[in-house]
**Student:** 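Next up is a structure, given as structure tokens.
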Amino acid sequence: MHQPDILPAVIAGPLLRRLEPQRLVIWLVGSRALPLCLRLQLPQGEALNIPLDATHCQIVPVGRHAVIHLIDVELSDALPQDEVIGYDLIVDGIGIAQWAPHLLYADATTPSFVLHSRINHLVHGSCRKPHHRADEGLLCVDRLLAEARTPLERPALLMMSGDQVYADDVAGPMLRAIHALIARLGLFDELLEGAVVDDSVSLYGHRASYYHRADLLPALDSNETLRERFFGGVKKPIFTSSTADNHLVTFAEVIAMYLLVWSPTPWTLITPQPPQLSAQEQLRYAREQVQIDQFRTGLPGVARVFAHLSTLMIFDDHDITDDWNLSAQWEQTAYGHPFSKRIIGNALLAYLLCQGWGNQPQVFDELLSQTQALTGQAQGNHLEAAAQDDLLEALLKFQQWHYVLPTTPALVVLDTRTRRWRSEFTLKQPSGLLDWEALSELQQELLDHPSAIIVSPAPIFGVKLIETVQKVFSWCGFPLLVDAENWMAHRGAAQVILNIFRHSRTPGNYVILSGDVHYSFVYQVLIRHRNGGPRIWQITSSGIKNEFPPRLLEWFDRLNRWLYSPRSPLNWFTRRRTMQVVPYIPEHAEAGERLWNSAGIGQVFFNEQGQPDEIYQHNADGKPRTKMLVPES
């Protein structure tokens with residue numbers, strides 16, 4: 001057993017989260033509760049030292065040697081805007097240059113940030129799968145920051161719009177690293193109800209723990225849908241093959257995953273070796289190991305981005321589990337069994353602590369108190385099962401994951417996962433992405449803003465052909481096969497969101513930022529027969545480290561242009577027939593392509609009216625950035 005005193009003080013972070021002139025929110029994980037001091041280096045030369053006592057820093061232990069810290073500092077005097085502010089976190093008298101030199105850019109002695117007076121430009125993306133063969137899109141942001149010569153050349157923020165982790169699609173070598181890190185940091189164990197194994201320790205050591213987690217479900221006929229839902233590796237014939245056979249189960253597994261995908265430091269603490277596997281599994285493990293090793297080499301640059309750029313987040317399904325809350329039937333099955341309910345709840349608790357908390361700390365006070373009570377009283381390193389279930393029950397009912405930033409333009413981030421508009425006709429049909437109440441709140445939020453940026457993990461205006469294919473599968477009773485989750489899949493939600501755009505008091509300019517789909521595109525949307533009506537831009541960037549099968553996307557793109565050309569009568573059968581959708585052309589596209597298939601990151605520049613001036617997709621493979629071009633006519 002390693003001695004705790006040789007663990008580094010900081011395991012992951014700092015991540016800059018919500019930054020405002022009078023408020024700074026910063027996240028990090030220590031190997032113990034850390035004595036911290038925040039030092040701000042202001043442009044005029046004076047330094048500001050802020051000791052981080054309990055009023056400025058909340059902690060949640062997640063293991064014997066792992067403590068999440070959320071620094072939330074409110075300042076009486078506003079910090080200067082549009083200027084570089086250096087900062088340091090002093091731990092035991094030592095600054096970042098000593099305890100995390102990989103976080104510094106050339107010649108800098110500390111990390112820094114810029115508070116923009118308006119959102120002049122931002123970067124955004126989603127879908128970062130560690131073992132995907134694509135290169136790391138967040139390193140595009142690292143290069144942008146390294147090359148920025150003036151404060152305003154830095155983006156105002158990084159918006160990560162879903163699938164920051166893949167809790168349901170984990171490579172064997174990543175799962176092995178997760179288990180090694182759980183042991184190294186003493187992450188909390190838990191009891192499991194409704195599984196073949198009784199607790200987390202038995203799970204990690206079970207022969208089915210790698211590539212066969214379906215076998216850990218009780219072998220009852222009635223659980224067949226549960227097996228399919230979580231571990232079945234259901235083949236999706238149109239889009240992807242879902243590989244859920246290493247689905248994360250425990251709270252400790254998901255916490256370890258976050259640490260391993262956001263920081264290079266945890267990797268230096270472990271030396272995972274392959275488990276016992278069949279010959280075929282050994283080949284798969286070796287293939288995945290190549291991708292995981294490559295992913296690991298990019299982590300210092302990724303951590304550097306998080307230490308310099310305000311990063312905001314919202315979940316999509318893979319942060320929790322594939323097709324999360326897709327339909328009323330899905331919810332009945334998944335929440336009707338203690339084991340699957342625990343799996344979802346654990347991932348959501350880890351999301352709260354690692355993502356949600358930093359977006360808007362004040363709404364989580366009650367959940368945080370409950371979490372601190374649970375993890376602060378772990379008996380012999382085990383979480384108390386009844387208290388854990390009570391907390392997860394509260395989490396699953398929680399309805400304030402969405403948030404609004406009072407920026408210019410306003411940034412409105414939607415929760416399209418937990419406030420679903422369930423189908424009234426058949427439980428199998430896909431639910432609407434927001435229910436009536438949530439849509440009404442959205443409309444109130446947008447009233448009288450001249451312009452707004454809406455973050456919707458799934459595109460509001462997607463590719464018509466793909467939405468039609470999803471609709472056909474839903475009609476046939478197979479929505480799970482094709483991820484039939486789009487705004488137009490539910491009549492009520494589609495009608496209301498389109499009506500919001502038509503409302504005379506909602507913004508004249510909307511920019512919708514989305515991800516989810518593993519390709520990138522830009523549409524300008526105009527409301528027919530209405531002069532001076534709102535102008536809408538749908539800007540989709542996906543994935544950060546994920547791509548669509550290239551040949552398949554090529555065919556979808558081509559067929560979509562043929563079947564839904566502006567003069568096509570098929571347009572009259574779509575819910576958006578009152579709107580004219582004008583696709584932008586990717587600069588390096590071949591022969592009329594409208595969909596761009598390359599891992600990377602999106603970048604949007606805004607003018608004074610909040611309209612997108614220039615839109616780029618930065619390509620992770622190192623090719624020149626791709627500008628999205630307005631069509632000539």
Side-chain angles (χ1 to χ4, degrees), residues 29 60 62-63 66 68 126-130 160-171 174-175 178-179 181-182 187-195 200 203-204 209 213 216-217 226 229-231 242-262 313-326 330-331 333-335 337-359 364 367-368 370-371 374-375 383 385 388-398 401 415-418 420 457 516:
V29 179
V60 176
V62 290
I68 294 175
S126 73
C127 308
R128 182 168 173 255
K129 183 157 84 171
M160 298 179 80
S161 59
D163 302 342
Q164 281 69 256
V165 296
Y166 278 69
D168 59 339
D169 188 351
V170 181
M174 178 62 89
L175 187 58
I178 285 168
H179 291 162
L181 191 64
I182 288 171
L187 300 186
F188 292 136
D189 294 313
E190 64 189 87
L191 302 170
L192 299 171
E193 185 190 345
S200 52
L203 168 70
Y204 308 149
S209 192
R213 291 200 156 190
L216 300 173
L217 286 166
L226 184 69
R229 193 79 78 240
F230 277 92
F231 305 103
S242 174
T243 49
D245 35 18
N246 281 337
H247 200 303
L248 301 184
V249 168
T250 67
F251 174 56
E253 285 182 332
V254 194
I255 289 289
M257 177 79 158
Y258 277 107
L259 299 178
L260 290 163
V261 300
W262 282 353
M313 307 173 185
I314 191 67
F315 46 47
D316 206 5
D317 56 344
H318 296 289
D319 293 286
I320 311 298
T321 188
D322 192 20
D323 298 322
W324 180 32
N325 295 342
L326 178 122
W330 191 101
E331 292 185 49
T333 307
Y335 299 125
H337 190 280
F339 190 41
S340 50
K341 189 174 183 180
R342 175 70 72 84
I343 291 168
I344 297 167
N346 281 336
L348 195 52
L349 179 57
Y351 171 83
L352 161 68
L353 295 176
C354 300
Q355 297 196 56
W357 196 8
N359 293 327
F364 297 108
L367 286 173
L368 254 296
Q370 221 176 323
T371 306
L374 172 70
T375 66
L383 299 174
Q388 186 174 358
D389 287 337
D390 288 347
L391 170 59
L392 301 187
E393 190 71 47
L395 263 177
L396 292 168
K397 289 177 179 160
F398 185 73
W401 300 109
D415 158 17
T416 58
R417 284 284 159 192
T418 74
R420 291 273 170 126
D516 181 50

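Quick note: residue numbers are just sequence positions, from 1. Remember, it's a predicted structure, so these values are computed and weren't measured experimentally.
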**Student:** State the CD-CG distance between E253 and L181, to the nearest 0.5 angstrom.
**Tutor:** 11.5 Å

**Student:** Can you confirm whether D319 sits close enough to M313 that some side-chain heavy atom of one is under 4.5 Å from a side-chain heavy atom of the other?
**Tutor:** no

**Student:** Under the rule for ring-ring contact (aromatic ring centres under 6.0 Å, His included), what residues qualify as partners of W357, not counting sequence neighbours?
**Tutor:** none

**Student:** Taking side chain as C-beta onward, heavy atoms only, is F398 less than 4.5 Å from T418?
**Tutor:** no

**Student:** Listed by chain and number, what are the side chain to side chain contact (heavy atoms under 4.5 Å, CB included) partners of L191, not counting sequence neighbours?
**Tutor:** D199, H382, A385

**Student:** With T321, which residues qualify under side chain to side chain donor-acceptor pair (under 3.5 Å), at least two apart?
**Tutor:** H247

**Student:** What are the two closest heavy atoms between V254 and A350, and how far apart are they?
**Tutor:** CG1-CB, 3.6 Å

**Student:** Please state whether the rings of F315 and Y351 are parallel, tilted or perpendicular, taking 30° and 60° as the class boundaries.
**Tutor:** tilted

**Student:** Mind listing the closest non-hydrogen atom pair of L187 and A66 along with its distance?
**Tutor:** CD2-CB, 3.5 Å

**Student:** With sequence neighbours excluded, tell me which residues meet ring-ring contact (aromatic ring centres under 6.0 Å, His included) with Y335.
**Tutor:** none

**Student:** What distance separates T416 OG1 from I314 CD1, expressed to the nearest 0.5 Å?
**Tutor:** 7.5 Å

**Student:** Looking only at heavy atoms, which two atoms of S340 and A334 are closest? And how far apart?
**Tutor:** OG-O, 2.6 Å

**Student:** Go through it in stages, so that I can follow the logic: the residues are R213 and V170, the test is side-chain contact (heavy atoms from CB on, under 4.5 Å), and I'd like the CA-CA distance, side-chain angles, deciding distance and then a yes or no.
**Tutor:** CA-CA 12 Å; R213 291 200 156 190; V170 181; over 6 Å; no

**Student:** Using the rule given for side-chain contact (heavy atoms from CB on, under 4.5 Å), can you reason through Q164 versus C354, listing the C-alpha separation, both sets of side-chain angles and the distance that settles it, and then say yes or no?
**Tutor:** CA-CA 10 Å; Q164 281 69 256; C354 300; over 6 Å; no

**Student:** Taking the side chain as everything from C-beta on, heavy atoms only, tell me whether V261 gets closer than 4.5 Å to Y166.
**Tutor:** no

**Student:** Under a 4.5 Å cut-off applied to non-hydrogen side-chain atoms, are N346 and L392 in contact?
**Tutor:** yes

**Student:** What pairs with D415 under salt bridge (charged side-chain N to carboxylate O under 4.0 Å, His left out), at least two apart in sequence or on another chain?
**Tutor:** none

**Student:** Which residues pass the side chain to side chain donor-acceptor pair (under 3.5 Å) test with T250, sequence neighbours left out?
**Tutor:** Y204

**Student:** Of all residues at least two apart in sequence or in a different chain, which pass the side chain to side chain donor-acceptor pair (under 3.5 Å) check with D163?
**Tutor:** none

**Student:** Under the side-chain contact (heavy atoms from CB on, under 4.5 Å) criterion, do H179 and I182 qualify, and how do the steps go?
**Tutor:** CA-CA 5 Å; H179 291 162; I182 288 171; 4.1 Å; yes

**Student:** How far apart are the closest heavy atoms of A394 and Q370, and which atoms are they?
**Tutor:** CB-OE1, 3.9 Å

**Student:** Check whether any side-chain heavy atom of I178 lies under 4.5 Å from a side-chain heavy atom of L248, and answer yes or no.
**Tutor:** yes

**Student:** Do M174 and N246 touch side chain to side chain, with heavy atoms closer than 4.5 Å?
**Tutor:** no

**Student:** Flag the pair F339 / V249 as yes when at least one side-chain heavy-atom distance between them is below 4.5 Å, and no otherwise.
**Tutor:** yes

**Student:** Mind checking what makes side chain to side chain donor-acceptor pair (under 3.5 Å) contact with E393, not counting sequence neighbours?
**Tutor:** K341

**Student:** If the condition is ring-ring contact (aromatic ring centres under 6.0 Å, His included), which residues does F188 pass it with, not counting sequence neighbours?
**Tutor:** none

**Student:** Just to verify, what does R128 make a salt bridge (charged side-chain N to carboxylate O under 4.0 Å, His left out) with, not counting sequence neighbours?
**Tutor:** E136

**Student:** In this structure, which one of D168, D323, D169 forms a side chain to side chain donor-acceptor pair (under 3.5 Å) with H318?
**Tutor:** D168

**Student:** Taking side chain as C-beta onward, heavy atoms only, is L348 less than 4.5 Å from W324?
**Tutor:** yes

**Student:** Taking only residues two or more places apart in sequence or in another chain, which ones pass salt bridge (charged side-chain N to carboxylate O under 4.0 Å, His left out) with D316?
**Tutor:** R417

**Student:** Kindly indicate, with the supporting measurements, whether the criterion side-chain contact (heavy atoms from CB on, under 4.5 Å) is fulfilled by I68 and I255.
**Tutor:** CA-CA 10 Å; I68 294 175; I255 289 289; 4.2 Å; yes

**Student:** Locate the shortest heavy-atom distance separating G345 from L395; write the atom from each residue and the value.
**Tutor:** O-CD1, 4.0 Å

**Student:** Should E331 and R420 count as an ion pair when the cut-off is N to O under 4.0 Å?
**Tutor:** no

**Student:** Report the residues that fulfil ring-ring contact (aromatic ring centres under 6.0 Å, His included) with F251, sequence neighbours left out, ordered by chain and then residue number.
**Tutor:** none

**Student:** Please report the shortest heavy-atom distance between S126 and S161, naming the atom on each side.
**Tutor:** CB-OG, 3.5 Å

